[in-house]
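Heavy-atom basis, side chains included; hydrogens, waters and symmetry copies ignored.
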There are 2 protein chains.
Amino acid sequence: MAGTKTLRKEEYSISELAAEFSITPRAIRYYEEVNLLTPHRNSKTTQRMYTRRDRARLKLILRGKRFGFPLVEIKEMIDLYDVDPTEKEQLRQTVAYGDRRLGEIDEMIRELQEIREEIFEFRNRFLEVLEGEEA
Amino acid sequence: MAGTKTLRKEEYSISELAAEFSITPRAIRYYEEVNLLTPHRNSKTTQRMYTRRDRARLKLILRGKRFGFPLVEIKEMIDLYDVDPTEKEQLRQTVAYGDRRLGEIDEMIRELQEIREEIFEFRNRFLEVLEGEEA
DNA sequence: TCGTAGTTTTACGTTGACGTTAACGGAAGC
DNA sequence: GCTTCCGTTAACGTCAACGTAAAACTACGA
Ligand SMILES: [Zn+2]
Ligand SMILES: [Zn+2]
Ligand SMILES: [Zn+2]
Ligand SMILES: [Zn+2]
């Protein structure tokens, strides 16, 4: 057929995505349940089909999950990508939301660095004891 | 009584700790249930009493919680403070555990900084749109 | 001595993020 | 035509980390 270059995949089934990201189809359906994903249906088969945009959102979801953001907050953050840039009030709120988020994230980074340093000092103290005995 | 200087408190009741850290007694009892705290009992009253060491552990627990470490992992990390420095094998394992932890934490920091930057760029892009319209 | 306040144990309830099972439908291969 | 392999919905189960409520005990001050 003309114009059907499929160098990169255009659409994915649920199990393809599940396999690619090492999660279960159930999880993906759940993300749809809470409006984090909105696949369309292949009208013939009634099966969910995921576009590359859906796939990109899924990546963002999983990244947010990696360190404990709840799904509702992940949704807030992801929805930043879909703000209508002609709505001034929406823009203002989005900027304000971004500022709050940035503050929270900076605080997380600070605390993580504190923990990092403590663990690092402990590790080194123990290591010195070990090296002292081996000398 | 002789030798009973109590400049700094030596022991705390459960509600004192709860008030100090803005959590509930129930939460503190739960930490005991999962072996994160081991208060002793004032044998007269059967009430839990917390030493300054217990209080220090509680601080560590709450810090670990602030960004989503599960209690079991918090326990692993806190127990680093109680390693017997004469047991070489235990020391070696502790150092190895610390290394793994450090790797995980570094990865978390990296990803947080990525997220930070993305949000920051989005925020700025919106801000420029707003400022452009106001000019 | 009574009331009030703080504590105890036991036990059941709750929320988020899925896991698991059941019961069913369409397509593909033989 | 039957099996096998996706997929579907609906519904109940689970796990962590407590919340909440009940019933009983102890301490302490007026
Ligand atoms: Zn399609
Ligand atoms: Zn928030
Ligand atoms: Zn004591
Ligand atoms: Zn780990």
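No side-chain N or O of R26(B) forms a donor-acceptor pair with one of Y30(B) less than 3.5 Å apart.
For the pair R48(B) and Y50(B), the cation-pi criterion (under 6.0 Å, within 45° of the ring axis) is not fulfilled. The cationic group of R29(A) does not satisfy the cation-pi geometry with Y31(A), failing either the under 6.0 Å distance to the six-membered ring centre or the 45° limit from the ring axis.
Between the CG atom of N42(A) and the P atom of dC6(D) there is a distance of 17 Å, given to the nearest Å. Atom-to-atom, CE of M49(A) to P of dC6(D) comes out at 15 Å; the value is rounded to the nearest Å. Summarising the geometry, the separation between CD on E33(B) and C1' on dC18(D) is reported as 10 Å, rounded to the nearest angstrom. In this structure, the CD1 atom of I74(A) is 8 Å from the P atom of dA17(C), given to the nearest Å. As a whole-Å value, the separation of K65(A) NZ from dC18(C) P is 3 Å. Between the OH atom of Y31(B) and the P atom of dA16(D) there is a distance of 15 Å, rounded to whole Å. Here the P atom of nucleotide dG16(C) and the CZ atom of R26(A) are 14 Å apart, to the nearest Å. Computed from coordinates, the L62(A) CG to dA17(C) P distance equals 13 Å when rounded to whole Å.
Contact annotation: S13(A) side-chain N/O to dG7(D) OP1/OP2 distance is under 4.0 Å. Checking the phosphate oxygens (OP1, OP2) of dG7(D), no side-chain nitrogen or oxygen of R48(A) falls inside 4.0 Å. Under 4.0 angstrom from either OP1 or OP2 of dT9(D) there lies at least one side-chain N or O belonging to R41(A). Residue T46(A) places none of its side-chain N or O atoms closer than 4.0 Å to OP1 or OP2 of dG7(D).
Checked against dT8(C), dC18(D), dT20(C), the side chain of A27(B) finds its nearest nucleotide in dC18(D). When distances are taken from the side chain of Q47(B) to each of dA17(D), dC18(C), dT7(C), the shortest belongs to dT7(C). The nucleotide whose nearest atom lies closest to any side-chain atom of R29(B) is, among dT8(D), dT9(C), dC6(D), dT9(C). Relative to the side chain of I14(A), the nucleotides dT7(C), dT8(D), dC6(D) differ in distance, and dT8(D) lies closest.
Note on P70(A): only backbone sugar-phosphate atoms sit closer than 4.0 angstrom, heavy atoms only; bases stay farther off.
The existence of a salt bridge linking R52(A) and E10(A) is confirmed by a sub-4.0 Å separation between a basic side-chain nitrogen and an acidic carboxylate oxygen. Ionic pairing of R125(A) and E128(A) is not present here: no N-O contact between side-chain nitrogen and carboxylate oxygen is shorter than 4.0 angstrom.
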